[in-house]
Amino acid sequence: MVDDSPARRILAAVRAIPPGRWAGYGDVARTAGLPGRARMVARVLAHASDASLPWHRVLRSDGRIAFAGDDPRAAEQAARLCREGVPVVEGRVRTPRIDVARASRAALDAALWGPG
DNA sequence: CATATGACGTGGG
DNA sequence: CCCCACGCCATAT
């Protein structure tokens, strides 16, 4: 079926976040059917091998980057976000997060119905 | 087996 | 804004 292992559902949820937007770890977990498992999302992303995965669109619930400020990964994430038009100031974004579950459903609809 | 550790979240003081 | 407690759970030590 479309949903397989928890990890797979998490990755699917992350991929559903459109460019220029972001979502929280908890949001992704809920969308993946794993309420309260934000840490699991972090783990999955940490071990993800898919280079095309938009991991940079996942932030803490308050819009801050999860890595420490001196962590090179933080700079990388900020760069990617800025590149998509999401300004990162002091390690945090101001733009409102999106409803991942909604985006996820939209993605499924698009996959089923196609562009037209 | 006991503790500590993470790319976390929420609630309260 | 700060700090703390607790919930969560796979891995690591």
Side-chain angles (χ1 to χ4, degrees):
Chain A
M1 293 305 282
V2 288
D3 60 317
D4 191 357
S5 62
R8 182 156 181 129
R9 291 192 307 252
I10 287 173
L11 294 177
V14 172
R15 280 187 272 259
I17 306 171
R21 305 284 190 60
W22 67 275
Y25 291 87
D27 295 328
V28 172
R30 248 182 282 99
T31 302
L34 301 164
R37 276 71 177 179
R39 294 197 105 119
M40 179 176 268
V41 173
R43 275 201 172 292
V44 171
L45 291 188
H47 294 282
S49 55
D50 181 6
S52 67
L53 188 70
W55 57 271
H56 57 285
R57 296 175 196 152
V58 184
L59 306 175
R60 282 187 173 167
S61 64
D62 58 6
R64 289 181 324 197
I65 285 178
F67 300 104
D70 56 5
D71 190 313
R73 290 173 293 180
E76 173 62 23
Q77 184 164 21
R80 290 194 180 202
L81 286 170
C82 289
R83 197 178 304 157
E84 293 186 348
V86 180
V88 179
V89 183
E90 293 294 298
R92 80 140 39 135
V93 304
R94 311 295 178 127
T95 55
R97 47 181 187 174
I98 66 164
D99 182 335
V100 202
R102 194 175 168 59
S104 186
R105 280 188 288 101
L108 177 57
D109 288 346
L112 292 175
W113 285 86

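Per chain, numbering begins at 1; letters A, B, ... match sequence-line order. Heavy atoms only: backbone and side chains are in, while hydrogens, waters and symmetry mates are out.
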Task: Stretch residues 62-77 of chain A: residues that reach within less than 4.0 Å of DNA chain B through a heavy atom - done: A:Ala66, A:Phe67
Open item on the list: Tell me every residue that passes side-chain hydrogen bond (donor to acceptor under 3.5 Å, both in side chains) with A:Arg30, counting only those two or more places apart in sequence or in another chain.
Closed with: A:Asp27
TODO: With sequence neighbours left out, write down each residue that passes side-chain contact (heavy atoms from CB on, under 4.5 Å) with A:Pro18, or none if nothing qualifies.
DONE: A:Arg21, A:Ile98, A:Ala103
- [ ] Apply salt bridge (Lys or Arg N to Asp or Glu O under 4.0 Å) to A:Arg73 and list each qualifying residue two or more places apart in sequence or on a separate chain.
- [x] A:Asp71
Open item on the list: Quick one, A:Val14 and A:Val44 - any side-chain contact, counting heavy atoms below 4.5 Å?
Closed with: no
Open item on the list: For a 4.5 angstrom cut-off between non-hydrogen side-chain atoms, does A:Leu53 reach A:Leu45?
Closed with: yes
Open item on the list: On DNA chain B, does the nearest nucleotide to A:His56 precede the nearest nucleotide to A:Arg30 from the 5' side, or the other way round? Give the residue.
Closed with: A:His56
TODO: Could you identify which residues of residues 11-24 of chain A place a heavy atom less than 4.0 Å from some atom of DNA chain B, listed by residue number, or say none?
DONE: none
Task: Partners meeting side-chain hydrogen bond (donor to acceptor under 3.5 Å, both in side chains) with A:Asp70 (sequence neighbours left out) - done: none
TODO: Go through the steps for A:Arg102 and A:Arg105 under the test side-chain contact (heavy atoms from CB on, under 4.5 Å), then give the verdict.
DONE: CA-CA 5 Å; A:Arg102 194 175 168 59; A:Arg105 280 188 288 101; 3.8 Å; yes
Open item on the list: Contact between A:Asp50 and A:Leu11 at the side-chain level, heavy atoms closer than 4.5 Å - yes or no?
Closed with: no
Open item on the list: Between B:dT3 and C:dC6, how far apart are the two P atoms, rounded to whole Å?
Closed with: 16 Å
TODO: Under 4.0 Å from any atom of DNA chain B, heavy atoms only: list the residues of residues 90-99 of chain A that qualify, in numerical order.
DONE: none
Task: Span that lies between the C1' atom of B:dC1 and that of C:dT13, in whole angstrom - done: 12 Å
TODO: Just jot down the side-chain hydrogen bond (donor to acceptor under 3.5 Å, both in side chains) partners of A:Glu84, sequence neighbours excluded, or say none.
DONE: A:His56, A:Arg57
TODO: Only counting residues at least two apart or in another chain, list the ones meeting side-chain contact (heavy atoms from CB on, under 4.5 Å) with A:Ala66.
DONE: A:Tyr25, A:Arg60
Task: Reported CZ-to-CG distance for the pair A:Arg97 and A:Asp62, which is rounded to 0.5 angstrom - done: 9.0 Å
Task: Residues in side-chain hydrogen bond (donor to acceptor under 3.5 Å, both in side chains) contact with A:Thr95, at least two apart in sequence or another chain - done: A:Trp22
Task: Interatomic distance, A:Ile10 CD1 vs B:dA7 C1' [rounded to whole Å] - done: 12 Å
- [ ] Please collect all side-chain hydrogen bond (donor to acceptor under 3.5 Å, both in side chains) contacts where either partner lies in residues 37-47 of chain A, sequence neighbours excluded, each pair once.
- [x] none
Open item on the list: Please encode protein proximity along nucleotides 8-13 of chain C as a string of B, S and -, counting only heavy-atom distances under 4.0 Å.
Closed with: BSBS--
Task: Atom pair distance, as rounded to whole Å: CZ in A:Arg60 and P in B:dG6 - done: 12 Å
